[in-house]
Amino acid sequence: MKHFIKETDFAANELPGLFATARRLKQSRGQPAAPVLGGQTWAMIFAKSSTRTRVSFEVGIHELGGNPLFLNKNDIQFGRGETIQDTAKVLSRFVHGLIVRTYDHEDVVELTKHATVPVINALTDFLHPCQIYTDAFTAAERWAAPGGDLVAALKGRKIAYLGDTAFNMANSWILGASLFGMKLSLAGPAGYAPSKEIQAQLKAEGRALDYHFTNDPYEAVKDADIIYTDVWTSMGQEEEEAQRVADMKPYAVTAKLFAAAKRDALFMHCLPAHAGEEVEQAVLDNPRSIIFDQAENRLHMQKAILAALTVKTRT
Ligand code: CP
Ligand code: NVA
């Protein structure tokens, strides 16, 4: 049983095929397609808000011939204290896969221990792997030769990640850059250095701690191919907002900072964005901003992931 709860759940040698499938699904969208999830229902348990993830999964499952079943955590007994173990066992009797967005990553790990169907991480406080695969695909679309190997096009490219370097998106890029063979510089305030947990994850996987962390945003963006940022106040951190905005102000992606990267550097953001906070509107609107391609590609990449994980065990 294969799950996708962290970037490294697909091996490096599986990635070219996965990305090629996403490209094929994108190019053939709207044409008659094999019902890869025909007769299946996939449950989507969400404990946090979502626009892109929810809609791209619901549309994607439908387009693959399956049925998405959206479950707000508070509407099911899980939200009233039914255990993760029992929830996993019960839902596994009904559905063909579980897609989960929640706070504590360990809850998703726990689900995988008891579910007998594939589990996909749709964002935790620790990681957002569906987003990173999509982002890598979106950049590679710009760099690969037509029909060429998308994953190979990422190798050696440099990404500069600015702002909150201690939460899910930064963690996911730390794992993702290692997997894709990219160079990663993170720039954030001293109190937000990459966490012990992500360092422990790298070590547990035998991966080098080869990212670079600096407090100087200009040092990070030098020679970068991608400038990436995320909101400064993530879901669940609302009470810390004033402090976070004050701490992260020097790391805002301004037009001046963007101009200090490579001349053809791309700007990326997982969205939602707060213009005027972590990024200037002019950067969001720059022709080298590919934020809406990222958003669209969630659909194509997640369809490829669903197709790779599905097990034809039940009709
Ligand atoms: N980027 C992303 O995951 O967006 P949503 O929170 O809208 O799903
Ligand atoms: N870091 C953000 C990402 C949203 C897609 C959050 O967790 O709220």
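Read the numbers this way: they start at 1 and go in the same order the structure lists the ligands and their atoms. Being a predicted model, the structure only gives us computed values, none of them experimental.
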inquiry  = With side chain to side chain contact (heavy atoms under 4.5 Å, CB included) as the test, pick out the partner of L91 among V117, L111, T116, L98.
reply    = L98
inquiry  = Need the ligand 1 atom indices (1-based, order shown) with element for anything under 4.0 Å from a heavy-atom of R298.
reply    = 1 (N), 2 (C), 3 (O)
inquiry  = Rounded to the nearest 0.5 Å, what separates atom CG in D225 from atom CG in D264?
reply    = 7.0 Å
ask   = For the residue pair Q294 and D135, what are the closest heavy atoms and their distance?
value = NE2-OD1, 2.8 Å
request  = Please state which part of K48 comes within less than 4.0 Å of ligand 1, counting heavy atoms only: side chain, backbone, both or neither.
outcome  = neither
request  = Please report which non-hydrogen protein atom sits nearest to atom 8 (O) of ligand 2, along with the residue it belongs to and the distance in Å to one decimal place.
outcome  = M235 N, 2.8 Å
query = If you measure every N/O of N168 against every N/O of ligand 2, is any gap under 3.5 Å?
reply = yes
query = Do E219 and H212 get their side chains close enough for a donor-acceptor pair, meaning under 3.5 Å?
reply = yes
query = For atom NZ of K203, is the number of surrounding heavy atoms from other residues, nucleotides or ligands below 6.0 Å larger than 12?
reply = no
Nearest neighbour of atom 4 (C) of ligand 2 from the list T51, L123, V231, on a heavy-atom basis = L123
task = With atom 3 (O) of ligand 1 as the reference point, say which of H128, M169, M235 has the nearest heavy atom.
result = H128
message = Check the orientation of F180 and Y133. Use parallel for under 30°, tilted for 30 to 60°, and perpendicular for over 60°.
response = perpendicular
message = S50 versus ligand 1: do any nitrogen or oxygen atoms come within less than 3.5 Å of each other?
response = yes
query = Taking everything shown except E239 itself, do over 12 heavy atoms lie less than 6.0 Å from its CD?
reply = no
inquiry  = Using a 4.0 Å heavy-atom cut-off, which part of L123 comes near ligand 1: side chain, backbone, both, or neither?
reply    = neither
request  = Return a yes/no value for D230: is any of its N or O atoms, backbone included, closer than 3.5 angstrom to an N or O of ligand 2?
outcome  = yes
Within-cut-off N or O pair, P272 and ligand 1, under 3.5 Å = no
ask   = Can any side-chain N or O of Q77 pair as donor or acceptor with the backbone N or O of E82 at less than 3.5 Å?
value = no
request  = For the pair F267 and F258, name the ring-plane relationship: parallel under 30°, tilted 30 to 60°, perpendicular over 60°.
outcome  = perpendicular
query = How far is atom 4 (O) of ligand 1 from its nearest protein heavy atom, and which residue and atom is that?
reply = R52 NE, 2.9 Å
query = So among I174, L175, L127, N171, which one has a side chain to side chain contact (heavy atoms under 4.5 Å, CB included) with Q201?
reply = L175
request  = Number the atoms of ligand 1 from 1 as they appear, then name those within less than 4.0 Å of a heavy atom of L271, with their elements.
outcome  = 1 (N), 2 (C), 4 (O)
ask   = Got the closest protein heavy atom to atom 6 (O) of ligand 1, with its distance?
value = R101 NH1, 2.8 Å
note = If you scan protein heavy atoms around atom 7 (O) of ligand 1, the nearest is T51 N, 2.7 Å
Mode of Q294 contact toward ligand 1 - side chain, backbone, both, neither (heavy atoms, under 4.0 Å) = neither
inquiry  = For K6, is there an ion pair with D9 - N to carboxylate O distance below 4.0 angstrom?
reply    = yes
task = For S234, counting its heavy atoms only, list the atoms of ligand 2 lying under 4.0 Å from any of them.
result = 1 (N), 2 (C), 6 (C), 7 (O), 8 (O)
Under-4.0 Å heavy-atom contact with ligand 2, by part of L271 that carries it = backbone
